[in-house]
Amino acid sequence: MKEKILKNKKNGMAVLLLSLLIYAAAIAGTVFGGFQVENGKNPALMIVSIIVLSTAWLLWPGLKVLKPQEALVLTLFGNYIGTIKDAGFYFVNPFCSAVNPAAKTRLNQSGDVNTKKTPTANDPELMSKKLSLKIMTLNNNRQKINDCLGNPVEIGIAVTWRIVNTAKAVFNVDNYKEFLSLQCDSALRNIVRNYPYDVAPNVDTTGDGIADEGSLRGSSEIVAERIKNEIQEKVNEAGIEIVEARITYLAYAPEIAAVMLQRQQASAIIDARKMIVDGAVGMVELALERLSQNNTIELDEERKAAMVSNLLVVLCGNHDAQPVVNSGSLY
């Protein structure tokens, strides 16, 4: 659907003043015509004035006010005639009707959430047929999705978007807000299932057949960019541009959160132990080397083994060492 931008002159104020003058003249004509009828003259003036009073209001539905970053999609007897985008006070064909199928739709997004009052069916903002061209933020509910390892995770995203083609947004889809919300959920599920929550071995997240270190927790920028591109491909036909997509919440599902926390703690303990053992072995090797170089003491293999055992116990232990002083012979 090709968008037509109407370059109408902003004649709203002139038409409004003209209609008020017509009403004033019609009222005066009605009063003067009434006097003529009482004097037995022709009542044509009064009849014409009454007809004008009854029909002049038809000009008022053609008065349209637009604020910055607003648009109005107009149809005439079912035919799309164009879109007005510039801010101002316009006069259009009074028989034109504005179209916005998502006017009454309320989602958890900027521009739709009213914190001051609860929207009602008679709310002027709810009934407005104007389309907002501002950048808006959609924050859908968190979803529970299985990652590529089958672990359930909860994830939420915030998507910033705007309308770039009003004709496509209004006519190509039934309701562009609901359409966008559904496509965001679908794209999120399609991308997240390709990644593990944390780095896992032998996992290909890019689809090139080569294992990589991608993960939801460590590659959030890449994941968000893929989600954005996925959504953009799906909403092009709705005339919507996706400005940005960001992950706002990421955690294991409650049913496995405690178990995965224990797993992470165990992994951290193992890594710490490996570092302690590596350091202890290096210190023991250095001690034996220094003793050998300086001829401080001559130790046979049995004594070296005992010394290595004692040093490793001291260096790798969880508690402070409590040495035993041998005041007698070594043997």
Side-chain angles (χ1 to χ4, degrees), residues 1-106 111-112 114 116-134 163 165-171 175-177 239:
M1 190 77 182
K2 187 176 181 180
E3 185 181 44
K4 302 176 184 177
I5 305 299
L6 297 179
K7 300 295 184 180
N8 290 21
K9 295 182 179 179
K10 302 173 184 178
N11 296 325
M13 185 58 68
V15 173
L16 177 62
L17 294 176
L18 178 61
S19 65
L20 294 177
L21 291 175
I22 291 174
Y23 262 106
I27 292 173
T30 302
V31 174
F32 185 71
F35 287 128
Q36 287 184 333
V37 171
E38 290 180 357
N39 295 330
K41 294 183 179 180
N42 191 340
L45 178 60
M46 186 178 70
I47 295 174
V48 172
S49 298
I50 292 174
I51 293 174
V52 172
L53 285 174
S54 303
T55 58
W57 63 270
L58 291 174
L59 294 174
W60 293 347
L63 299 175
K64 308 292 182 182
V65 179
L66 285 183
K67 294 180 287 188
Q69 294 298 314
E70 285 185 344
L72 207 59
V73 178
L74 300 175
T75 61
L76 181 62
F77 304 126
N79 295 321
Y80 171 59
I81 63 172
T83 301
I84 301 176
K85 285 188 174 182
D86 293 334
F89 190 13
Y90 293 89
F91 176 74
V92 299
N93 190 327
F95 296 100
C96 287
S97 58
V99 182
N100 183 5
K104 297 182 180 180
T105 303
R106 286 295 178 263
D112 281 343
N114 192 337
K116 297 181 180 179
K117 61 179 182 178
T118 302
T120 62
N122 297 323
D123 191 344
E125 295 182 1
L126 188 66
M127 302 301 294
S128 175
K129 297 295 184 180
K130 299 173 184 176
L131 276 72
S132 175
L133 303 180
K134 301 174 184 177
I163 296 175
N165 189 313
T166 57
K168 286 185 176 181
V170 170
F171 299 115
N175 186 317
Y176 62 87
K177 289 183 180 180

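Owing to the predicted nature of the structure, the values given are computational and were not obtained by experimental measurement.
- Heavy-atom minimum distance, Tyr80 versus Thr75: CA-CG2, 4.1 Å.
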Validation: residues 58-68 side-chain donor-acceptor distances under 3.5 Å, sequence neighbours left out:
{"residue": "Trp60", "atom": "NE1", "partner": "Ser19", "partner atom": "OG", "Å": "3.0"}
{"residue": "Lys64", "atom": "NZ", "partner": "Pro61", "partner atom": "O", "Å": "3.3"}

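- Judged by distance alone, with hydrogens and angles left aside, the side-chain atoms of Tyr23 form a donor-acceptor pair with the main-chain N or O of Leu53 at under 3.5 Å.
- Judged purely by atom type and a 3.5 angstrom limit, Lys168 has no side-chain atom pairing as donor or acceptor with the backbone of Ile163.
- For Glu3, the side-chain hydrogen bond (donor to acceptor under 3.5 Å, both in side chains) partners two or more places apart in sequence, or in a different chain, are Lys85, Thr166.
- Separation of atoms CD1 (Ile5) and NZ (Lys2) is listed at 11.0 Å; rounding is to 0.5 Å.
- Using a 4.5 Å heavy-atom threshold, the side chains of Leu72 and Tyr90 count as separate.
- To the nearest 0.5 angstrom, Leu74 atom CG is 5.0 Å from Ile84 atom CD1.
- To the nearest 0.5 Å, atoms CG (Asn11) and CG (Leu16) are separated by 12.0 Å.
- Inter-residue side-chain proximity for Tyr176 and Leu131 is flagged as met; some heavy-atom pair is nearer than 4.5 Å.
- Contact of the Ser49 side chain with the Ile27 side chain is not registered, since no non-hydrogen atoms from C-beta on lie closer than 4.5 Å.
- Of all non-hydrogen atoms in Pro101 and Asn175, the two that sit nearest each other are O-ND2, 3.6 Å.
- The shortest non-hydrogen separation linking Leu76 to Cys96 is CD1-N, 4.0 Å.
- Closest of all the heavy-atom pairs between Ala71 and Thr83 is CB-CG2, 4.0 Å.
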